[in-house]
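None of these values were measured; they are calculated from a predicted model. Read the numbers this way: they start at 1 and go in the same order the structure lists the ligands and their atoms. The basis for the numbers below is simple: all heavy atoms, side chains too, and nothing from hydrogens, waters or symmetry mates.
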Amino acid sequence: MAHTIMFGIQKGGVGKTMTSGVTAFLLKEEGFRVLAVDMDSQGNLSQFLSGVEDLAEFEGETVLEAIKKGDAKPYIKMIDDQLHLLPADDYLATIPQFLFREYKGNPSLALKSCLESVQGYYDYIVIDTPPALSEQTINALGVANDVVIMFETSKFCYSAVPRFIETIEAAKERINPDLRIAGILRTLADSRRSDSTMMVNLIAEDYPDLVFDTVIHRRATTGRLPIYGLAESPESKQAFSYHAKFLKELKSRVSQ
Ligand SMILES: Nc1ncnc2c1ncn2[C@@H]1O[C@H](COP(=O)(O)OP(=O)(O)OP(=O)(O)O)[C@@H](O)[C@H]1O
Ligand SMILES: [Mg+2]
């Protein structure tokens, strides 16, 4: 059975897509079979991993259709032999209409149900989520084994963390008893800014057992990855270095 890891927080622009994309890519580079699931109608993970600019290319063949059909298999795109993608486009934003008007099962478990047919094939399923506590995020919480809470080192993100943890606890109680918090990942840190360093330390004081030791710093080579893609390049080793350290910690936590 695949181990399913989701990246989330109801705050935008904090590195959810960057981290889920790079994590999926690095797991694949280690030889694992990986399915990346894009649960954000912005489709950024789909663009990032496939290199496709225009999401119209995926129209009618996305995670929305997979959920409607109850089977992900026909909609999975092969990025290469070992990295596969269940893409998203703008229409994913319409999913509540389907879930609450037509879907026969538990609306929070529709993603889980459509992934059942492929769980046995992959080592890891990595899910990117939108910046909201929407049905897309709840469905990711319904299927994940582990959640990585993304913490951009800013005040607004700081106030989002306890509310996200409450949502995770509610999901654990109601729809996914085995759900675990893998940890809180500090991202986009800037050591030249005292406010960023203050937030790096503050969240560690609040959640000493949850924060990952690795802090993902803001770095130009990392910021350029969505432009040049994830394939090996002279600067990619540096671009991935924080994420590679994070992945080592993540793997040791989720295997416990
Ligand atoms: N470590 C980093 N260093 C520099 N730039 C980064 C880093 N991580 C992410 N970025 C850039 O920051 C921006 C936001 O990142 P990303 O799109 O991953 O955030 P997000 O949380 O997925 O946003 P949204 O909530 O809109 O989905 C992007 O332009 C990305 O390229
Ligand atoms: Mg994103």
Next on the checklist: Tell me whether Ile216 has any N or O atom under 3.5 angstrom from an N or O of ligand 1.
Outcome noted: no
Item to check | Distance-only N or O hit between ligand 1 and Pro226, under 3.5 Å | outcome: no
Checklist entry - Counting only heavy atoms not in Phe156, do more than 12 fall under 6.0 Å of its CZ? => result no
Item to check | Residue, atom name and distance, where the atom is the protein heavy atom closest to atom 5 (N) of ligand 1 | outcome: Gly223 CA, 3.3 Å
Checklist entry - Arg219 to ligand 1: N or O pair under 3.5 Å? => result yes
Next on the checklist: Just checking Gln119: does its CD atom have more than 12 heavy atoms from other residues, nucleotides or ligands closer to it than 6.0 angstrom?
Outcome noted: yes
Checklist entry - Does any N or O in the side chain of Glu152 come within less than 3.5 Å of the main-chain N or O of Thr187, such that one atom is a donor and the other an acceptor? => result no
Checklist entry - Of the listed options (Gln42, Met18, Arg224), which comes nearest to atom 30 (C) of ligand 1 when hydrogens are ignored and any heavy atom counts? => result Met18
Checklist entry - Taking non-hydrogen atoms only, is Asp128 closer than 4.0 angstrom to ligand 1 via side chain, backbone, both or neither? => result neither
Item to check | Nearest option to atom 6 (C) of ligand 1, as decided by whichever heavy atom of Val22, Asp190, Leu188, Leu45 sits closest | outcome: Leu188
Checklist entry - Considering residues, nucleotides and ligands other than Lys245, do more than 12 of their heavy atoms fall under 6.0 Å from its NZ? => result no
Checklist entry - Do other residues, nucleotides or ligands put more than 12 heavy atoms under 6.0 Å from Tyr91 OH? => result no
Checklist entry - Does a donor on one side chain sit under 3.5 Å from an acceptor on the other, for Thr221 and Gln238? => result yes
Checklist entry - Do any N/O atoms on Lys16 end up under 3.5 angstrom from N/O atoms on ligand 1? => result yes
Checklist entry - Is the distance between the ring centroids of His243 and Phe25 less than 6.0 Å? => result no
Checklist entry - Distance-only, no hydrogens or angles: does the Arg253 side chain make a donor-acceptor pair with backbone N or O of Ala182 under 3.5 Å? => result yes
Item to check | Donor-acceptor under 3.5 Å (Asp146 side chain, Val254 main chain) | outcome: no
Checklist entry - Within the structure, does Thr17 bring an N/O atom to less than 3.5 angstrom of an N/O atom in ligand 1? => result yes
Checklist entry - Can you check whether a protein heavy atom sits less than 4.0 angstrom from atom 1 (N) of ligand 1? => result yes
Next on the checklist: Strictly less than 4.0 Å: does any protein heavy-atom distance to atom 28 (C) of ligand 1 fall in that range?
Outcome noted: no
Checklist entry - Under 3.5 Å, is there a donor-acceptor pair between the Glu116 and Ser113 side chains? => result no
Next on the checklist: Distance alone, cut at 3.5 Å: any donor-acceptor contact between the side chains of His84 and Tyr122?
Outcome noted: yes
Checklist entry - Is any N or O atom of Val14, backbone or side chain, closer than 3.5 Å to an N or O atom of ligand 1? => result yes
Item to check | Nearest protein heavy atom under 4.0 Å from atom 11 (C) of ligand 1, yes or no | outcome: no
Checklist entry - Please state which protein non-hydrogen atom is closest to atom 13 (C) of ligand 1 and give its distance, to 0.1 Å? => result Gly13 O, 4.9 Å
Item to check | Pro131: numbered ligand 1 atoms lying under 4.0 Å from its heavy atoms | outcome: 25 (O)
Checklist entry - Has ligand 1 got any nitrogen or oxygen that is less than 3.5 angstrom from a nitrogen or oxygen of His217? => result yes
Next on the checklist: Students should be able to answer this: which protein heavy-atom is nearest to atom 19 (O) of ligand 1, and at what distance?
Outcome noted: Gly15 N, 2.9 Å
Checklist entry - Is there an N/O/S atom in Thr17 that lies less than 2.8 Å from the Mg ion (ligand 2)? => result yes
Item to check | Proximal ligand 1 atoms for Arg218, defined as those under 4.0 Å from one of its heavy atoms | outcome: 3 (N), 4 (C)
Next on the checklist: I'd like to know whether Thr62 forms a side-chain hydrogen bond (donor to acceptor under 3.5 Å, both in side chains) with Glu65, so could you lay out the CA-CA distance, the side-chain angles of the two residues, the decisive distance to 0.1 Å, and finally the verdict.
Outcome noted: CA-CA 5 Å; Thr62 70; Glu65 285 74 29; 2.5 Å; yes
Item to check | Thr129 side-chain N/O to Met39 backbone N/O, donor-acceptor pair under 3.5 Å | outcome: no
Item to check | Ligand-residue contact atoms, ligand 1 with Gly12, heavy atoms, under 4.0 Å | outcome: 25 (O)
Checklist entry - Asp40 heavy atoms, cut-off 4.0 Å: which ligand 1 atoms fall inside? => result 27 (O)
